[in-house]
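Data first, discussion second: the structure below is written as structure tokens.
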Amino acid sequence: MDLLVLYYSVGGSVRRMAELVAEGIERVPGAAARLRTVPRVFERNPIPEEGPPYCELADLEECAGLALGSPTRFGNMAAPLKHFLDGTSLLWHRGALAGKPACVFTSTSSLHGGQETTLVSMMLPLLHHGMLVLGLPYTQAEINATRSGGTPYGPSHFAGFGDTEPVTDAERALCIAQGRRLAEVALKLL
Ligand SMILES: Cc1cc2nc3c(=O)[nH]c(=O)nc-3n(C[C@H](O)[C@H](O)[C@H](O)COP(=O)(O)O)c2cc1C
């Protein structure tokens with residue numbers, strides 16, 4: 001069973017989170033993470049030289065669930081990811097993603113710079129697709145203990161100005177927990 005980890009990252013913070021979410025997915029026996037990204041909107045060369053391939057509609061359709069990651073851009077998801085999602089109408093028409101589990105994660109440079117608004121805004125198109133959006137329960141101890149990122153709406157990372165802050169132990173644990181949760185729910189829904 002493949003779970004799609006689809007993210008956009010310029011500075012590397014969201015990419016690190018995506019790798020941790022993937023680690024959580026792969027800790028569940030029978031689950032495999034499929035990492036994908038999207039091009040910058042005005043990028044001339046659409047072929048990535050490094051990192052995961054660009055996401056195609058088939059990836060969304062073939063995978064049993066989705067973890068969607070974006071840096072915060074003015075309190076919202078990044079335009080390249082929104083641009084990709086805006087191209088998924090064919091799947092929406094057929095209800096191809098309806099009933100599949102999904103979760104979201106983000107990174108910001110400032111502590112109160114819009115993590116929760118970004119996470120909630122990322123949920124909206126997934127709800128329109130009929131996906132079953134998962135958060136993180138407070139039974140996950142790091143949600144209460146964190147002094148940086150980590151929310152009940154999904155994992156987050158406080159990266160600091162210039163993305164210089166490392167992913168903390170609590171943020172790391174919550175990324176992995178979210179990946180595990182996505183994979184465990186997807187297996188139950190199979
Ligand atoms: C155009 C633009 C808008 C941004 N808006 C916000 C914001 O609203 N709040 C915030 O805390 N950080 C904001 N940032 C900073 C990024 O969200 C932050 O550096 C993030 O960790 C980058 O993730 P990445 O390293 O995966 O690209 C913005 C950055 C850019 C370039």
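Order of appearance sets the numbers: ligands from 1, and atoms from 1 within every ligand.
The shortest separation from a heavy atom of G114 to ligand 1 is not under 4.0 Å, leaving the residue out of contact.
Taking 4.0 Å as the cut-off between side-chain N and carboxylate O, E171 and R16 do not count as a salt-bridged pair.
The distance from atom CG of L66 to atom CG of L134, rounded to the nearest 0.5 Å, is 10.5 Å. Taken from CG in L174 to CZ in R181, the straight-line distance is 12.0 Å, to the nearest 0.5 Å. If you take CD on E165 and CZ on F158, they are separated by 5.5 Å, rounding to the nearest 0.5 Å.
For the 3.5 Å distance criterion, the side chains of T151 and E116 fail to qualify, holding no donor opposite an acceptor. No donor-acceptor contact under 3.5 angstrom links the side chains of T106 and T118, judged on distance only.
Nearest protein heavy-atom contact of atom 29 (C) of ligand 1 is R73 NH1, 3.4 Å. For atom 6 (C) of ligand 1, the closest non-hydrogen atom on the protein side is T72 O, 3.5 Å. Looking only at heavy atoms of the protein, atom 19 (O) of ligand 1 is closest to D163 OD2, 2.7 Å. When hydrogens are left out, the protein atom nearest atom 23 (O) of ligand 1 is P71 CB, 3.3 Å; that is the closest non-hydrogen contact. Closest to atom 12 (N) of ligand 1 among all protein heavy atoms lies S109 OG, 3.1 Å. Atom 11 (O) of ligand 1 has as its closest protein heavy atom S110 OG, 2.7 Å. In terms of protein heavy-atom proximity, atom 9 (N) of ligand 1 is nearest to G113 O, 2.7 Å. Regarding atom 26 (O) of ligand 1, its nearest protein heavy-atom neighbour is S9 OG, 2.6 Å.
Of all atoms in ligand 1, numbered sequentially from 1 with element shown, those under 4.0 Å from a heavy atom of S107 are 17 (O), 20 (C), 21 (O). Within ligand 1, counting atoms from 1 as listed, the ones closer than 4.0 Å to a heavy atom of V10 are 24 (P), 26 (O), 27 (O). Contact atoms of ligand 1 toward G75: 8 (O) (distance under 4.0 Å to a heavy atom of the residue).
Geometrically, ligand 1 and Y8 share no nitrogen or oxygen pair separated by less than 3.5 Å. The N/O atoms of A159, backbone and side chain alike, include none that comes under 3.5 Å of an N/O atom in ligand 1.
In plain terms, the two heavy atoms of M17 and S107 that are nearest each other are SD-CB, 4.1 Å. Closest of all the heavy-atom pairs between G99 and L189 is O-CD1, 3.9 Å. For L35 against P52, the heavy-atom pair with the smallest separation is O-CB, 3.2 Å.
Neither Y8 nor V167 shares a network with the other; the hydrophobic side chains, linked directly or stepwise wherever heavy atoms of I, L, V, M, F, W or Y lie under 4.5 Å apart, form separate groups for each.
Closest heavy-atom approach to atom 3 (C) of ligand 1 within the set F161, F158, Y7, F74: this belongs to F74.
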